[in-house]
Protein chains: 2
Amino acid sequence: MEMKSVTRSLRVLEAVAQHQPVTVGELTKIFGLPKSTVQRTLLTLNEAGWLRANRKDTTRWEIGARVLAVRPAALQGSSLFAAAREPMIRLRDVLNETIHLSVPDALHSVVVVDRVDCDHAVRTFHAIGDTSPLHATASGHAVLAHLAKADVDEVAAGTLEGYGEETITDPVQLRSELQRVRKRGYAVNHNQYLQGVCAIAAPVLDGDGVPLAAVAVSLPDSRFEPGRLPELGRLVAETAAEITARHQA
Amino acid sequence: MEMKSVTRSLRVLEAVAQHQPVTVGELTKIFGLPKSTVQRTLLTLNEAGWLRANRKDTTRWEIGARVLAVRPAALQGSSLFAAAREPMIRLRDVLNETIHLSVPDALHSVVVVDRVDCDHAVRTFHAIGDTSPLHATASGHAVLAHLAKADVDEVAAGTLEGYGEETITDPVQLRSELQRVRKRGYAVNHNQYLQGVCAIAAPVLDGDGVPLAAVAVSLPDSRFEPGRLPELGRLVAETAAEITARHQA
DNA sequence: GCACATCGTTCCACAATGCGGCACACTCGC
DNA sequence: GCGAGTGTGCCGCATTGTGGAACGATGTGC
């Protein structure tokens with residue numbers, strides 16, 4: 001159950017996405033694979049509609065639009081994605097800080113699915129599609145705090161990797177932090193994952209209380225004022241609540 | 001250069017996207033393939049991170065978040081996508097009709113990459129990722145009107161498939177329509193592609209005048225008032241111009 | 001509560017399939 | 001016009017994925 005050609009093709013697809021528009025030669029250097037192998041892969045992906053030749057330089061490849069039809073369930077239709085957009089923009093307008101929408105993914109991580117930028121010259125940056133660990137981010141905590149006990153156990157039982165001084169690597173500490181998150185309605189990350197980056201997040205829940213996503217405001221350490229935390233937390237939680245309401249409507 | 005397993009895996013991926021969350025059995029019925037083959041494919045896609053088991057029913061599969069990291073060049077970073085969002089929302093607020101953002105793709109088509117919904121009970125619907133022909137849609141015409149002559153020739157030389165009474169299937173007629181689109185700054189589709197659906201679109205151009213995308217307002221025939229066309233056209237064109245300006249900034 | 005239908009999962013021998021070394025075609029820059 | 005750099009096409013060999021069949025678990029109807 002290897003399917004070498006498939007896994008390799010997907011790798012190539014991802015590499016093309018990162019480097020597009022890219023040539024065969026560049027890809028062979030990245031992977032250290034024979035030219036013919038890479039090219040065959042590109043042609044196959046092309047015929048499947050997932051790749052296409054660049055308009056100007058037809059020997060360069062880029063991602064085709066077919067991928068857009070393939071999206072995680074949480075984003076299908078108009079549902080969550082559309083519901084989140086306007087509240088996120090309003091929150092950005094109030095705070096002028098970058099807002100992220102993230103959904104939980106397998107393997108103990110959350111993935112950024114949407115973003116609204118602030119206009120500060122110095123700002124945090126996370127691309128759509130970026131993943132980060134559940135146990136070391138505000139969005140992760142917001143989600144984790146509302147998962148079933150069994151799921152939390154599984155995460156806590158795994159290795160809680162440390163990314164710096166502030167990362168919570170102790171299961172007991174993590175649980176008590178989640179308790180606090182549930183109580184006040186929002187999670188805070190102060191340099192737990194990426195140094196110099198802080199975030200405040202709140203969960204978007206479905207009718208059964210299952211966490212679908214988290215909204216987060218993300219800002220550089222340099223602009224983080226602990227005194228404003230209650231205000232920020234309230235605003236983020238309100239935004240999350242509004243998204244929840246819109247989503248169910 | 002077949003790569004049967006790869007093309008099949010991508011097909012499976014697309015099928016999962018359409019039917020998620022879906023089981024092995026359902027997929028075997030869709031494809032008429034042996035269970036073991038489908039199962040192996042699913043496991044491979046899963047290990048690559050493109051698929052994941054549903055949280056509640058672990059025998060059902062859904063799209064993983066990995067796909068989000070793979071996006072067409074036009075949407076990479078924040079650029080066009082982010083630039084378009086707020087002007088689109090404003091346009092929707094003014095008109096209360098569904099707004100689409102589409103980009104040209106290979107094979108003579110445009111693809112819907114973003115959408116802002118109106119709140120009418122009866123409205124048009126196109127999912128993100130849907131493709132439609134360049135020669136028979138407002139967005140297509142808006143793009144086509146600003147492509148290089150060689151590209152237009154290629155499209156006009158191909159078969160201009162008809163979808164109803166109104167579709168322009170004659171190359172000469174198409175060219176003169178494109179001329180008109182260039183002149184007034186927006187394109188109009190009145191039942192050319194999907195019956196009962198009208199749209200007005202304007203192009204988003206890059207610095208060199210190359211069309212990157214089109215914004216369109218899409219509405220049911222029943223709400224289309226020919227008298228308001230100049231007004232709608234102007235609003236759409238202004239929105240497109242604003243997106244262009246933001247995108248370059 | 002038993003037999004039967006149905007589903008997901010696992011195994012394995014066969015041969016079809018994709019692998020990658022090689023050679024060709026082409027385009028630059030010197 | 002030569003050489004170094006591309007992208008592309010070919011083809012024999014062995015690796016790889018194939019799919020039938022058997023297994024285990026679940027649940028449905030009698």
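By convention in this document, chain letters (A, B, ...) are assigned in the order of the sequence lines, proteins followed by strands, and residues within each chain are numbered from 1.
Between the CZ atom of R175(B) and the CD atom of E177(B) there is a distance of 13.5 Å, given to the nearest 0.5 Å. For the atom pair NE2 (H135(B)) and CG (D170(B)), the distance works out to 11.5 Å, reported to the nearest 0.5 Å.
One atom, CD of E47(B), and another, P of dG17(D), lie 12 Å apart when rounded to the nearest Å. Between the CZ atom of F31(B) and the C1' atom of dG19(D) there is a distance of 17 Å, given to the nearest Å. Atom P of nucleotide dG20(C) and atom CG of L27(A) are separated by 15 Å, given to the nearest angstrom. Rounding to whole angstrom units, CG of residue L42(A) and P of dG18(C) are separated by 16 Å. Atoms CZ (R60(A)) and P (dG7(D)) sit 8 Å apart, rounded to a whole Å. When rounded to the nearest whole Å, the span between NZ of K4(B) and P of dG17(D) equals 14 Å.
Salt bridge D130(A)/R115(A): absent, no basic N to carboxylate O contact under 4.0 Å.
Each of dG20(D), dG17(D), dG20(C) was ranked by its minimum atom distance to the side chain of T37(A); first place goes to dG20(C). Checking dC7(C), dG18(C), dG20(D) against every side-chain atom of K29(B), the shortest atom distance belongs to dC7(C). Distances from the side chain of S36(B) to the nucleotides dC11(C), dG17(D), dC7(C) place dC11(C) closest. Proximity note for V24(A) (side chain, C-beta onward) versus dT17(C), dG7(D), dG21(C): the nearest is dG7(D).
Donor-acceptor pairing under 3.5 Å, judged by distance alone, is present between the side chain of R40(A) and the base of dG20(C).
When the side-chain nitrogen and oxygen atoms of T23(B) are compared with OP1 and OP2 of dG8(C), one or more of them lie within a distance under 4.0 Å. OP1 or OP2 of dT9(C) lies within a sub-4.0 Å distance of a side-chain N or O belonging to Q39(B).
Within the nucleic acid shown, S5(B) comes within 4.0 Å of sugar-phosphate atoms alone, with no base atom in reach, counting heavy atoms only. Base contact: K35(B) has a heavy atom under 4.0 Å from a base atom.
A donor-acceptor contact closer than 3.5 angstrom links the side chains of S5(B) and S5(A). Side-chain N/O atoms of W61(B) and E26(B) include no donor and acceptor closer than 3.5 Å.
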